[in-house]
Participant: 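Below is one structure. I have some questions about it.
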Amino acid sequence: MEALRNSTNSAMLLSSFVRKGLLFFLLTCLSIHISKAQFLLNDSISYQPKKLTTLGISAGAVYGVSMFALNEAWYKENKREEFHFFNDAAEWKQVDKAGHFYTAFYLSALSAQSINQCGVKAKKSALLGSLAGFVLISSIEIFDGYSEAYGASVSDLIANAGGSVFYWWQQNHWQELRLQPKFSFHRTPFAPLRPAVLGENIPTEILKDYNGQTYWLSADMDKFMRFPKWLNLAVGYGAHSMLYARDATNTANGYDPYRQYYLSVDFDLTAIETDSKFVRGLIKALSVIKLPAPALEMSKKGVKFHPLYF
């Protein structure tokens, strides 16, 4: 039974890897429509119905083809059964849920900005973009729900909704993003111990080794008080010593998983003013990543200072 459970966990993690690759592809397609470095919406763009129609058709086509390809490549070989749920809320110390929140947030942000670039008003763009972001990431749960090997996850759906709502709330309340999710990664000694599950090289480890992932919430402090525009404060969350999804399995194999909390500074690259489209694009790409900086780590192991943490 334990072997079957471990096999199922491994398959679900690989499924997560495939789905993340698909979502990164969709994010890239959306970002093609966006010219600004910041994730800003505005009401100064004139309404362009033809451009909006083109966006809708192209996004729908990419989405449809991607879903078909995912079904053919991954789910087609699995036996289908009635729609059901799988409770994975207690797995991986919820680091994977932070990943769902993060991805839903940026799918919503890029969707909203793409719609806004067609001249749709800011508040309406934020709402439509948030709904689109939630649908894009959550529709994959339907595949899981009908697959014998997996099952739809309520906790995934909650995390997805949280990311999309968090984006919409900021745009609706502040008309800008003051609290931005970010991601960082460092290699760990755990991936070589289970490379099929945790990754066998840097690209796969970034997506699959939850021990090396840290998810941050970076606060744009100058929007709240007098503070250097280029400097933010960030809090982070991660976990350590996880070779298996569930704590009981880790403990049975001699590992003691635990949560980690971080406090650090962050750098707001959007403070850089430039007319270069390339630089603006680079700033946009880097703005979703937490750059290396000094950090204070707090866990059940105590308090630890990192001169440079990533």
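Reckoned from all heavy atoms, side chains included, excluding hydrogens, waters and symmetry mates. What you see is a predicted model; the values in this text were computed from it and never measured.
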Participant: Just by modelled atom types, is the A122 backbone N or O under 3.5 Å from a matching donor or acceptor in the D43 side chain?
Facilitator: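 Pair found, side chain donor or acceptor close to backbone of A122.
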
Participant: Does this structure show an ion pair linking D209 with R194, if we count only N-O contacts that are shorter than 4.0 Å?
Facilitator: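 No.
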
Participant: Check for me, please, whether L217 and V165 land in the same ILVMFWY cluster - side-chain distances under 4.5 Å, paths through other members count.
Facilitator: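 No, it is not one cluster - the side chains of L217 and V165 are not joined through contacts under 4.5 Å.
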
Participant: Over all heavy atoms of both residues, which pair between N232 and K229 is shortest? Give the atoms and the distance, please.
Facilitator: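 Looking at all heavy atoms of both residues, the shortest contact is OD1-O, 4.5 Å.
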
Participant: Give, for atom CE of M242 and atom NZ of K93, the distance between the pair rounded to the nearest 0.5 Å.
Facilitator: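 Interatomic distance, M242 CE to K93 NZ, rounded to 0.5 Å: 8.5 Å.
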
Participant: Take the angle between the ring planes of H173 and W169 and call it parallel below 30°, perpendicular above 60°, tilted in between.
Facilitator: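 Because their plane-to-plane angle is under 30°, the rings of H173 and W169 count as parallel.
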
Participant: Looking at CG of L136 and OG1 of T103, how far apart are the two atoms once the value is rounded to the nearest 0.5 Å?
Facilitator: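 One finds 11.5 Å between CG of L136 and OG1 of T103.
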
Participant: Carefully, step by step, assess L286 and K182 under the rule side-chain contact (heavy atoms from CB on, under 4.5 Å).
Facilitator: CA-CA 10 Å; L286 292 177; K182 294 195 176 186; over 6 Å; no

Participant: Begin from the C-alpha positions of K97 and S153 and carry the test side-chain contact (heavy atoms from CB on, under 4.5 Å) through to its verdict.
Facilitator: CA-CA 10 Å; K97 308 309 172 194; S153 168; 3.8 Å; yes

Participant: Can you measure from CZ (F185) to CD1 (I202) and round to the nearest 0.5 angstrom?
Facilitator: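 Rounded to the nearest 0.5 Å, the CZ-CD1 separation comes to 8.0 Å.
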
Participant: Taking atom CG of L243 and atom CG of N211, what is their separation to the nearest 0.5 Å?
Facilitator: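 So the gap between those two atoms works out to 7.0 Å.
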
Participant: Testing S264, S218, S184 for side-chain hydrogen bond (donor to acceptor under 3.5 Å, both in side chains) with K290, which one passes?
Facilitator: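 Filter result, single survivor: S264.
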
Participant: Measure from the ring center of F310 to the ring center of H186 and say whether it is less than 6.0 Å.
Facilitator: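 No: the rings miss the under 6.0 Å criterion.
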
Participant: Which distance, rounded to the nearest 0.5 Å, do you find between the CG of L107 and the OG of S164?
Facilitator: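 So the gap between those two atoms works out to 7.5 Å.
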
Participant: Counting only N and O atoms by type, is there a donor-acceptor contact under 3.5 Å from the side chain of Q113 to the main-chain atoms of L41?
Facilitator: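 Judged by distance alone, no pair lies under 3.5 Å.
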
Participant: Got a second to check how far C118's SG is from L52's CG, nearest 0.5 Å?
Facilitator: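 Here the rounded value is 5.0 Å.
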
Participant: Does H240 reach the main-chain N or O of Y258 with its side chain, forming a donor-acceptor pair under 3.5 Å?
Facilitator: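 Side chain of H240 to backbone of Y258: no pair is present.
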
Participant: Looking only at non-hydrogen atoms, find the nearest pair between K208 and P195 and report the distance.
Facilitator: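 Minimum heavy-atom contact is NZ-O, 4.4 Å.
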
Participant: Return yes when atom NZ of K50 has more than 12 non-hydrogen atoms of other residues, nucleotides or ligands closer than 6.0 Å, and no otherwise.
Facilitator: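 Atom NZ in K50 is not crowded, with 12 or fewer foreign heavy atoms closer than 6.0 Å.
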
Participant: So which atom in K300 and which in P257 form the shortest heavy-atom distance, rounded to 0.1 Å?
Facilitator: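 Residues K300 and P257, closest heavy atoms: NZ-O, 3.9 Å.
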
Participant: Is there a donor-acceptor pair closer than 3.5 Å between any side-chain N or O of N160 and the backbone N or O of D156?
Facilitator: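 Checking the backbone N and O of D156 against the side chain of N160, a donor-acceptor pair under 3.5 Å is found.
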
Participant: Can you name the closest pair of heavy atoms from A234 and D266 and give their distance?
Facilitator: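 Nearest pair, atom of A234 first, then D266: CB-CB, 4.2 Å.
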
Participant: Do S241 and N250 pair up side chain to side chain, a donor and an acceptor below 3.5 Å, judged on atom types alone?
Facilitator: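 No, N250 and S241 have no side-chain donor paired with an acceptor closer than 3.5 Å.
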
Participant: Take the angle between the ring planes of Y146 and F83 and call it parallel below 30°, perpendicular above 60°, tilted in between.
Facilitator: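 The rings of Y146 and F83 stand perpendicular, inter-plane angle above 60°.
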
Participant: Decide side-chain contact (heavy atoms from CB on, under 4.5 Å) for K121 and L127; before the verdict, give the C-alpha distance in whole Å, the side-chain angles of both, and the deciding distance to 0.1 Å.
Facilitator: CA-CA 10 Å; K121 297 299 182 182; L127 178 59; over 6 Å; no

Participant: Checking the side chain of R259 only, and the main-chain atoms of G238 only, is there a donor and an acceptor separated by less than 3.5 Å?
Facilitator: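 A pair under 3.5 Å: no.
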
Participant: Are F183 and W216, when compared by the centres of their aromatic rings, separated by less than 6.0 Å?
Facilitator: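 Judged by ring-centre distance (under 6.0 Å), F183 and W216 do not meet the cut-off.
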
Participant: Do Y106 and F39 have ring centres separated by under 6.0 Å?
Facilitator: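 When the ring centroids of Y106 and F39 are compared, they turn out to be within the sub-6.0 Å range.
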
Participant: Should E205 and R187 be marked as a side-chain contact (heavy atoms from CB on, under 4.5 Å) after you check the CA-CA gap, both sets of side-chain angles, and the distance that decides it?
Facilitator: CA-CA 7 Å; E205 288 175 26; R187 303 191 79 179; 2.9 Å; yes

Participant: Within 45° of the six-membered ring axis of F224 and under 6.0 Å from that ring's centre, is NZ or CZ of R178 located there?
Facilitator: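 Judged by the rule (NZ or CZ under 6.0 Å from the ring centre, within 45° of its axis), R178 counts as positioned above F224.
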
Participant: Show the nearest heavy-atom pair for residues N116 and L40, with the distance to one decimal.
Facilitator: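 N116 and L40 have their closest heavy atoms at OD1-O, 4.3 Å.
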
Participant: Kindly assign one of parallel, tilted or perpendicular to the pair F166 and F105, based on the angle between their ring planes and the thresholds 30° and 60°.
Facilitator: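 Ring orientation, 0 to 90° scale: tilted.
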
Participant: Could you check whether S155 and D88, counting side-chain N and O atoms only, form a donor-acceptor pair closer than 3.5 Å?
Facilitator: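 A pair is found: one side chain offers a donor N or O, the other an acceptor, under 3.5 Å apart.
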
Participant: In terms of hydrophobic clusters joined by side-chain contacts under 4.5 Å, are L157 and F86 together?
Facilitator: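 Hydrophobic grouping puts L157 apart from F86.
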
Participant: Between Q180 and L177 (side chain of the first, backbone of the second, donor and acceptor by atom type, cut-off under 3.5 Å), is there such a pair?
Facilitator: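 Side chain of Q180 to backbone of L177: no pair is present.
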
Participant: Count I, L, V, M, F, W, Y as connected when their side-chain heavy atoms are under 4.5 Å apart, and connections chain through other members. Are V235 and L179 then in the same cluster?
Facilitator: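 Yes.
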
Participant: Do Y167 and I289 share a hydrophobic cluster (ILVMFWY, side-chain heavy atoms under 4.5 Å, transitive)?
Facilitator: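 The answer is yes; both residues are in one hydrophobic cluster.
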
Participant: Hydrophobic cluster membership, with links at side-chain heavy-atom distances under 4.5 Å among I/L/V/M/F/W/Y: are F101 and W92 in one?
Facilitator: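 F101 clusters together with W92.
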
Participant: Side chains of Y102 and Q213: donor-acceptor distance under 3.5 Å anywhere?
Facilitator: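 No - no donor-acceptor pair under 3.5 Å links their side chains.
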
Participant: Could you verify whether a donor N or O on one side chain and an acceptor N or O on the other, from Y237 and Y262, lie under 3.5 Å apart?
Facilitator: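 No, no side-chain donor-acceptor contact under 3.5 Å.
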
Participant: For F278, is the CZ atom crowded, meaning more than 12 foreign heavy atoms sit under 6.0 Å from it?
Facilitator: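 Counting other residues, nucleotides and ligands, CZ of F278 stays at 12 neighbours or fewer.
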
Participant: Do N253 side-chain atoms and T249 backbone N/O form a donor-acceptor pair below 3.5 Å?
Facilitator: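 Judged by distance alone, yes, a pair lies under 3.5 Å.
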
Participant: Determine whether L291 and L269 make a side-chain contact, defined as any pair of heavy atoms from C-beta on separated by less than 4.5 Å.
Facilitator: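 Counting from C-beta outward, L291 and L269 do come under 4.5 Å.
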
Participant: Checking the side chain of Q94 only, and the main-chain atoms of A89 only, is there a donor and an acceptor separated by less than 3.5 Å?
Facilitator: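 Yes.
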
Participant: Classify the ring geometry of Y244 against Y255: parallel below 30°, tilted from 30° to 60°, perpendicular beyond 60°.
Facilitator: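 Correct class here is tilted.
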
Participant: Is a donor on one side and an acceptor on the other found under 3.5 Å between the side chain of S58 and the backbone of L55?
Facilitator: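 Indeed, once roles are kept as given, a pair shorter than 3.5 Å links the two residues.
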
Participant: Run through L263, D220, V265 and flag the one making a side chain to side chain contact (heavy atoms under 4.5 Å, CB included) with L233.
Facilitator: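 So, applying the side chain to side chain contact (heavy atoms under 4.5 Å, CB included) to L233 and each of L263, D220, V265, only V265 qualifies.
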
Participant: Would you find a donor on one side and an acceptor on the other, under 3.5 Å apart, between the side chain of S125 and the backbone of V120?
Facilitator: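 Yes, because the side chain of S125 sits within donor-acceptor range (under 3.5 Å) of the backbone of V120.
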
